[in-house]
Undergrad: 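Structure below; questions to follow.
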Amino acid sequence: MAAPRHFLQLKDLSRDELDHVFERTRSIKARFKAYQRYWPLQDRTLVMIFEKASTRTRLSFEAGMQQLGGSAIYLNTRDSQLGRGEPVEDAAQVISRMSDIVMIRTFEQEIIERFAGHSRVPVINGLTNEYHPCQILADIFTFIEQRGPIQGRTVAWIGDSNNVCNTWLQAAEVFDFNVHVSTPPGYEVEPERAGLYGTGHFEEFADPMDAARGADLVTTDVWTSMGFEAENDERLRDFADWQVDADMMHAAKPEAVFMHCLPAHRGEEVAAEVIDGAQSVVWDEAENRLHVQKALMEFLLLGRVND
């Protein structure tokens, strides 16, 4: 049996393979909009394992698998043996013998890598502390839809250097664009992680206005990610000058778009006039999680499909 392909980090697929996924996303989305049934994964089963709560991840994967003709099963660690100390390796052996593909939303990247190492079927990273590759797939596809190729463009990341930021940095290497990162002091990109990407595709800025200047895309995330709730009050103080507001968007290119992976806190990391304004594409971005993940599952299970 051939080894399964996994999607644990964005770089697990080549640029050519990711371009193929985007082409399939366009086709699959067009069929969805035209109410055309497309069931390439009929009788296939997706198992979704959640250690971290979610709205968009569960909905997009569960609806997506059903729209492709398959079925989806939801597990969380509170009501499964994974939450009672069963080794990840053992769970992987069993779950992968009863399903065709697995999506995991968990804490440390090591957990999903251990699971994938013992899985007989493809494993998808639905989010870890370190990376959020499905989100950035949707973001890049949305940018291409709205503004054309992302190669050579500039993305401004404003706020915490979290898993979404890390994945933008990785994507910049794969797709050959630039990332301007601005974080408060003490929240910078970890030096060892920065070293993974070199300095050719990203630059750090102390002033968020400088990071946004001339950007094609301005994006941010909540100031307090899951797992850091105890730091919320401190973070509200530290990030006060890192809100994406109208002035910051004016510093970007006139045709720049604004993105946010959601959920958003208006009045904190983004002003209401920005997220609800004309430059915001957050709702297209959210919808595209559905379509790009359908294309990803199709690719991991069936390889290159051209129809």
Undergrad: Is there a path of hydrophobic side-chain contacts, each under 4.5 Å between heavy atoms of I, L, V, M, F, W or Y residues, that connects L13 with L302?
TA: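 Looking at the clustering, L302 is in the same group as L13.
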Undergrad: We want to know whether Q170 and N166 form a side-chain donor-acceptor pair, criterion being a heavy-atom distance below 3.5 angstrom.
TA: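 N166 and Q170 do not have a side-chain donor-acceptor pair below 3.5 Å.
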Undergrad: Classify the side-chain pair Q109/N163 by whether it contains a donor and acceptor separated by less than 3.5 Å.
TA: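 Short answer, no.
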Undergrad: Is a side-chain donor-acceptor pair under 3.5 Å present for H260 with E285?
TA: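 No, no side-chain donor-acceptor contact under 3.5 Å.
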Undergrad: If you draw the axis of the six-membered ring of Y74, does the NZ or CZ of R58 fall within 45° of it and under 6.0 Å from the ring centre?
TA: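 Output yes; distance and angle both within limits.
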Undergrad: Checking side-chain polar atoms at under 3.5 Å, does T142 have a donor or acceptor matched by the opposite partner on D284?
TA: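 No, D284 and T142 have no side-chain donor paired with an acceptor closer than 3.5 Å.
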Undergrad: If we count only N and O atoms by modelled type, under 3.5 Å, do the side chains of Y187 and D238 hold a donor and an acceptor together?
TA: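 Distance-only check passes for Y187 and D238.
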Undergrad: A quick test of your reading: do over 12 heavy atoms of other residues, nucleotides or ligands sit less than 6.0 Å from CD of E110?
TA: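 Incorrect, the count does not exceed 12.
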Undergrad: Could you walk me through whether F115 and I95 pass the side chain to side chain contact (heavy atoms under 4.5 Å, CB included) check?
TA: CA-CA 10 Å; F115 190 103; I95 291 169; 4.2 Å; yes
Undergrad: Not counting sequence neighbours, which residues clear side-chain hydrogen bond (donor to acceptor under 3.5 Å, both in side chains) with E273? List them please.
TA: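 E273: no side-chain hydrogen bond (donor to acceptor under 3.5 Å, both in side chains) contacts found.
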Undergrad: When you measure from the side chain of R266 to the backbone N and O of D276, does any donor-acceptor pair fall under 3.5 Å?
TA: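 Checked: no pair found.
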Undergrad: Indicate whether any N or O donor in one side chain lies under 3.5 Å from an N or O acceptor in the other, for T57 and R289.
TA: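 Yes - a donor-acceptor pair under 3.5 Å links their side chains.
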Undergrad: For residues N129 and K52, is any side-chain donor paired with an opposing acceptor at under 3.5 Å?
TA: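 Side-chain D/A pair, N129 to K52: present.
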Undergrad: Using the ring of each side chain (for Trp, its six-membered ring), is F177 parallel, tilted or perpendicular to W168, with breaks at 30° and 60°?
TA: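 Rings of F177 and W168: perpendicular, as their planes differ by over 60°.
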